[in-house]
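So the structure is just underneath, and the comments pick up after that.
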Number of protein chains: 2
Amino acid sequence: MQARDVSGGPVACGCANPGAQLILEVAVELFSEKGYNATSMSEVARRAGISKANVFHHFGSKHDLYLEVIREACRDSREALHQGRDSGQTVVQQLSAFLHHHLDTLLRRDRVSRLVVREVLDSTPEGGKELAEQVFFDGFTELVEIVREGQQQGEFRSDMDPALLAHMIISISLFYFQSRNVLRHFPPVDFADEPQRFVEMACDLLFHGCLKAGDPDNKAAVGNRPACRTMSKETPE
Amino acid sequence: MQARDVSGGPVACGCANPGAQLILEVAVELFSEKGYNATSMSEVARRAGISKANVFHHFGSKHDLYLEVIREACRDSREALHQGRDSGQTVVQQLSAFLHHHLDTLLRRDRVSRLVVREVLDSTPEGGKELAEQVFFDGFTELVEIVREGQQQGEFRSDMDPALLAHMIISISLFYFQSRNVLRHFPPVDFADEPQRFVEMACDLLFHGCLKAGDPDNKAAVGNRPACRTMSKETPE
DNA sequence: TAGCTCGCTGACCGATCGGTCAGTCGGAAA
DNA sequence: TTTCCGACTGACCGATCGGTCAGCGAGCTA
């Protein structure tokens, strides 16, 4: 059920084959919509307008077809995470652009994104390695590098784990993507259908947490703090 | 496949029945592990040590059994989100405690949590309503209230959407929970198996973003900002 | 003791699953 | 023209799916 090897080549034939390509497109659609077990090979064949035997001719088994679908989806997701850096921008701008791009890609490729997220969710402790290496490593590493650069340039606090901020950035866009259907039904939430605005607000909130803008005596972890901290109370409205 | 009604009473019998209770426990386990389609009624019966017909005797259909499982899981999740507020604590402490409690519950009830998360992920635009109302509404509303209180008391910035911070808090613990198996394989990440430390670091990062500690001219959204802002550069190491 | 309810069973149902196989057919190579 | 190859098909396989049904037996009631 889980992808063991996301890196290998084609299973039965090259994807250049037009027949196999059609099957693959249909399969991406179905697996994304309904998951592995709920998708039948008969339905793949039916929707592709070919015989079931033909599907097995191109892809040795259902699992092989699924692996190919995962590879395709992962390629997409890797692109979503990987975004060319513009060194003319500040680090803050780069991260903001990253978030915009990431969420935009997630929403545009809704079904494929769901497929990959489901794969992450269902990954076993051992199986997560493949996904980590093949899909997310490059994008995540790049993100960490951006943060690290921000620290070296003094834009970001130096007493902060770069990987933590990177993780939080991804979690923000990914969880927004995941929870949108539920989020829409919460009365206090008005940004469920405004991803652009959401990203901007989230960036604002996030950056003012990692920028060196706070009072310097405030570096201790919050859990250990005795009370409300000495803080110049501004006008509460 | 999706839960349509999470609120109704028992389907075929009261849960007081010991036979039905055993079936339910086994079903929670299996549905959580393998999802709806990959779980067969035969396996439920086998693992419960009873006949398949007996399962259908207690729960009218597979879908009915699944609904009951979802109800049980949602009850758990609601408890995970809902945590008694200690009014003797500062708002910052309350939110920190909330995050600790939430993530701890997610990790402790790993399988059930996965089940609910999967349900959220697979929820249709219409179907998300039930989940929102029956499972997450109370907890989310409470979280928003805490944030709002923090704003009124001057601990938090007032130019911030309370629902946004609430959403980000949940996204942090939930995405950590989801991505741990993948996260473990990223070299720059060293907190994949230290949830306590992760929460503390995340709180630190998050709160210094929403506390009124930054320079006051920094309220504009980051996306619109022209350049790197005027910022007193501290010693970069 | 007779009658009834109810938890429970094994045998069975039609449908569908993933997968196989013999064979058709068109086009390139010989 | 023949041969061969590979895309492709319909018919079929055993296994398993969700679900049904007649009936068994223990326990309560009249």
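- OP1 and OP2 of C/dC8 both lie 4.0 Å or more from every side-chain N or O belonging to B/H57.
- A/L206 contributes atom CG, which lies 7.5 Å from atom CG of B/L206 (distance to the nearest 0.5 angstrom).
- Side chain to side chain, A/S179 and B/H167 meet the donor-acceptor criterion of an N or O pair below 3.5 Å.
- Checked by atom type, the side-chain pair A/S51/A/H57 shows no donor-acceptor distance below 3.5 Å.
- The phosphate of C/dC6 (OP1 or OP2) has no side-chain N or O of B/H58 nearer than 4.0 angstrom.
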Worked verdict on B/E43 versus B/R46 for salt bridge (charged side-chain N to carboxylate O under 4.0 Å, His left out):
CA-CA 5 Å; B/E43 195 173 356; B/R46 201 181 313 122; 5.0 Å; no
Protein-proximity profile, nucleotides 18-25 of chain C, B/S/- by nucleotide at the 4.0 Å heavy-atom cutoff, equals BBBB----
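- In this structure, B/N54 does not reach the C/dG7 phosphate: none of its side-chain N or O atoms is under 4.0 Å from OP1 or OP2.
- For the residue pair B/E119/B/Y36, the side-chain donor-acceptor check at 3.5 Å is not satisfied.
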